[in-house]
*Asks:* 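So that we are looking at the same thing, I have put the structure below in structure tokens.
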Amino acid sequence: MREVAMQGSAWPIGQVRIHEIDGLFVIAFHGDIDIAAAVWILPELDAATAPGGRTVVLDLTPVEFFDCYALRLLCRAERRVTERGGRVLLACPHPTVLKLLRVGGLLGRFVPLQTLDEALAAAGCEEAAG
């Protein structure tokens, strides 16, 4: 498991954990995901979404704050994964983030599931059917 976090900041900053669960690639965002966090997260996110043909679960369940710049991170990850023949699932129970997705016209691009377990189960079903 890899973690990226900004050190030495007085402000809470987001981080990303990248790991595998039952053969599925999970990118979990933690804490405050904003423009400051994106600077640190982007290189790891790009490395994690570089390989092709993967099913990737973007896990937002541990997120505490999420802004419009964080939406750009999600869209970038989704685009990179799908361009390489993979698929993306989103675990997101937060009403505020769901509202951002709706207002941004992104609910067609992302189908949010309430929990990481639901996303992993959905990914498992997709893998079995594919």
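Because only heavy atoms are used, hydrogens play no part in the values below, and waters and symmetry mates are left out as well, while side chains stay in.
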*Asks:* Report the distance from atom CG of Asp32 to atom CG of Asp67, rounding to the nearest 0.5 Å.
*Replies:* 9.0 Å

*Asks:* Rounded to the nearest 0.5 Å, what separates atom CZ in Phe110 from atom SG in Cys92?
*Replies:*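 Answer rounded to 0.5 Å: 10.5 Å.
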
*Asks:* Strictly distance-based, threshold 3.5 Å: is any side-chain N or O of Arg54 a donor or acceptor partner for the main-chain N or O of Leu24?
*Replies:*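 Between the backbone of Leu24 and the side chain of Arg54 there is no qualifying donor-acceptor contact (under 3.5 Å).
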
*Asks:* First locate atom CG of Leu60, then atom CG of Leu74, and finally report the distance between them rounded to the nearest 0.5 Å.
*Replies:*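 Going from the CG atom of Leu60 to the CG atom of Leu74 covers 5.5 Å.
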
*Asks:* Once salt bridge (Lys or Arg N to Asp or Glu O under 4.0 Å) is applied, what residue pairs with a partner in residues 69-79 remain, sequence neighbours excluded?
*Replies:*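 Matches after skipping sequence neighbours: Asp46-Arg76, Glu78-Arg109, Arg79-Glu83.
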
*Asks:* Sorted by first residue and then second, give each side-chain hydrogen bond (donor to acceptor under 3.5 Å, both in side chains) pair with at least one member in residues 91-102; sequence neighbours left out.
*Replies:* none

*Asks:* Below 4.5 Å, heavy atoms only, C-beta onward: do Val88 and Thr55 meet side chain to side chain?
*Replies:*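 No - every pair of side-chain heavy atoms lies 4.5 Å or more apart.
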
*Asks:* Please step through side chain to side chain contact (heavy atoms under 4.5 Å, CB included) for the pair Leu73 and Leu45, ending with a clear verdict.
*Replies:* CA-CA 8 Å; Leu73 290 174; Leu45 187 63; 4.0 Å; yes

*Asks:* side-chain contact (heavy atoms from CB on, under 4.5 Å) with Leu100: which residues, sequence neighbours excluded?
*Replies:* Phe66, Cys68, Leu71

*Asks:* Once you round to the nearest 0.5 Å, how far does OG1 of Thr61 lie from CG of Leu90?
*Replies:*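 Rounded to the nearest 0.5 Å, the OG1-CG separation comes to 10.0 Å.
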
*Asks:* Give the other cluster members for Ile35, using side-chain heavy-atom distances under 4.5 Å between Ile, Leu, Val, Met, Phe, Trp and Tyr residues; answer none if it is isolated.
*Replies:* Tyr69

*Asks:* Transitively linked via ILVMFWY side-chain contacts under 4.5 Å: Val81 with Leu107?
*Replies:*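 In one cluster: yes.
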
*Asks:* What do the steps show when you test Ile33 against Phe65 for side chain to side chain contact (heavy atoms under 4.5 Å, CB included), and what is the final call?
*Replies:* CA-CA 6 Å; Ile33 309 300; Phe65 176 81; over 6 Å; no

*Asks:* Go through it in stages, so that I can follow the logic: the residues are Leu120 and Asp22, the test is side chain to side chain contact (heavy atoms under 4.5 Å, CB included), and I'd like the CA-CA distance, side-chain angles, deciding distance and then a yes or no.
*Replies:* CA-CA 9 Å; Leu120 293 172; Asp22 296 331; 5.6 Å; no

*Asks:* NE2/His19 to CZ/Phe25 distance, rounded to the nearest 0.5 angstrom?
*Replies:*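 CZ of Phe25 is found 9.5 Å from NE2 of His19.
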
*Asks:* Judged by atom type as modelled, is there a donor-acceptor pair below 3.5 Å linking the side chain of Arg87 to the main-chain atoms of Val57?
*Replies:* no

*Asks:* Over all heavy atoms of both residues, which pair between Ala119 and Leu113 is shortest? Give the atoms and the distance, please.
*Replies:* CA-CD1, 3.5 Å

*Asks:* Which residues satisfy the side-chain contact (heavy atoms from CB on, under 4.5 Å) test with Pro62, sequence neighbours excluded?
*Replies:*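 With neighbours one apart ignored, the set is His30, Asp59.
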
*Asks:* Nearest 0.5 Å, please: how far is OG1 in Thr49 from CZ in Arg80?
*Replies:*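 Rounded to the nearest 0.5 Å, the CZ-OG1 separation comes to 3.5 Å.
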
*Asks:* To check you understand the geometry: which heavy-atom pair defines the closest contact between Leu98 and Gln114, and what is its length?
*Replies:* CD1-NE2, 4.3 Å

